[in-house]
Amino acid sequence: MNFSHKIDVVQNIGTTEFNNKYFNPQKPVIIKGLADAQIAGNKWSINYFRETMGDVQIDVFDNGNKKNKASAFTSPDLKMKLRDYLDLITKGENSDLRIFLFNLFKYNPQLSKEFPCPEIMNGLLGNIGYMFFGGKGTTVRIHYDIDMSSVMHTHFGGRKKIILIPPIYSTLLYCLPFNTYSLIDLDKPDFNKYPGLEYINGYECILEHGDSLFMPSGYWHYMTYLDSSFSVSYRKLAPDFKTKTEGLLNLAVYMPFDKLLNMFLKDKWLQLKERVAEERANEIITAYNEVASFVSNNGMPL
Ligand SMILES: O=C(O)CCC(=O)C(=O)O
């Protein structure tokens with residue numbers, strides 16, 4: 001595993017340059033202080049949400065719930081007021097509780113004025129900002145976004161570590177068939193069980209308050225909240241027809257099919273998917289080693 005590749009970092013960027021250098025070629029980029037030009041950059045903090053939105057009832061997901069780890073369909077574990085959740089994650093201890101894909105803007109449309117969709121991400125999906133909260137130490141399991149949209153992920157109130165891996169490594173990351181996630185744990189990689197991980201290349205970065213990461217369509221991400229903090233994601237459809245279609249198929253065909261088989265076969269379905277993921281990775285490793293051994297014995301074929 002090598003995550004030492006560096007993501008380009010820019011201070012500000014116009015739409016033409018962003019499209020030419022990052023969106024169209026689907027290359028990640030960090031935009032420093034993107035939120036600072038908006039009201040949110042100065043105003044948004046955990047305290048701000050506690051004071052202004054504390055009474056909103058929210059769904060909370062518990063990473064400690066093993067059942068969720070093995071399922072694509074993360075269902076909420078708890079319901080509570082936002083104020084109580086924010087109190088819990090700011091007690092100073094590590095926490096497993098997070099808020100996921102929450103459309104807070106629906107409860108308070110003023111928020112979308114304080115942090116509107118960045119102009120460079122304007123498009124069909126541009127007016128929905130999803131919020132994510134996590135306590136210090138909370139991780140977000142490695143996955144890529146099921147709808148295959150590209151994402152501008154802006155962070156507030158602390159630091160978040162993100163490992164980003166290009167889609168070409170999906171098989172070596174043991175992507176479960178019909179799903180967009182993997183059961184590997186990048187904090188404790190098991191190279192005996194998952195030898196394909198040795199071959200993975202990716203990027204690692206830390207976002208600070210106001211920074212945004214552009215994640216191209218299909219990029220795998222593994223996130224760790226280094227501080228109790230929160231993020232907003234704005235999405236844009238992938239630039240090419242093939243990736244858009246893949247997103248549609250994921251949502252309309254693969255996800256419902258997987259849900260059905262999960263319902264009937266339960267653990268057996270997951271075991272079968274794990275086996276297929278391992279077989280697929282082993283095939284690639286074998287082919288790679290065959291080529292490497294040929295080149296080392298015979299030199300490069302000309
Ligand atoms: O920040 C989080 O909790 C998850 C964010 C995420 O996975 C996404 O924006 O696609």
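We count ligands from 1, going down the list as the structure has it; atoms in each ligand are counted the same way.
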Which protein N or O atoms sit under 3.5 Å from any N or O of ligand 1? Give atom names and distances.
unit_1: ligand 1; atom_1: 1 (O); unit_2: Lys160; atom_2: NZ; d: 2.5
unit_1: ligand 1; atom_1: 1 (O); unit_2: Tyr225; atom_2: OH; d: 3.1
unit_1: ligand 1; atom_1: 3 (O); unit_2: Tyr225; atom_2: OH; d: 2.8
unit_1: ligand 1; atom_1: 7 (O); unit_2: His143; atom_2: NE2; d: 3.0
unit_1: ligand 1; atom_1: 7 (O); unit_2: His221; atom_2: NE2; d: 3.3
unit_1: ligand 1; atom_1: 9 (O); unit_2: His153; atom_2: ND1; d: 3.4
unit_1: ligand 1; atom_1: 9 (O); unit_2: Ser233; atom_2: OG; d: 2.9
unit_1: ligand 1; atom_1: 10 (O); unit_2: Asp145; atom_2: OD1; d: 3.1
unit_1: ligand 1; atom_1: 10 (O); unit_2: Asp145; atom_2: OD2; d: 2.8
unit_1: ligand 1; atom_1: 10 (O); unit_2: His221; atom_2: NE2; d: 3.1

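Side-chain contact, His155 with His209: no donor N or O sits under 3.5 Å from an acceptor N or O. Tyr219 and Asp145 share no donor-acceptor pair across their side chains, judged by distance under 3.5 Å alone.
Residues Ile184 and Ile168 fall within the same hydrophobic cluster, defined by Ile, Leu, Val, Met, Phe, Trp and Tyr side chains chained together at heavy-atom separations under 4.5 Å.
Within the 6.0 Å centre-distance limit, the rings of Phe18 and Phe214 are counted as a close aromatic pair.
Taking a cutoff of 4.0 Å between a charged side-chain nitrogen and a carboxylate oxygen, Asp185 and Lys188 qualify as a salt bridge.
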Atom pairs and distances, side-chain donor-acceptor, residues 263-270, under 3.5 Å, sequence neighbours left out:
unit_1: Lys266; atom_1: NZ; unit_2: Met263; atom_2: O; d: 3.3
unit_1: Trp269; atom_1: NE1; unit_2: Asp258; atom_2: OD1; d: 2.6

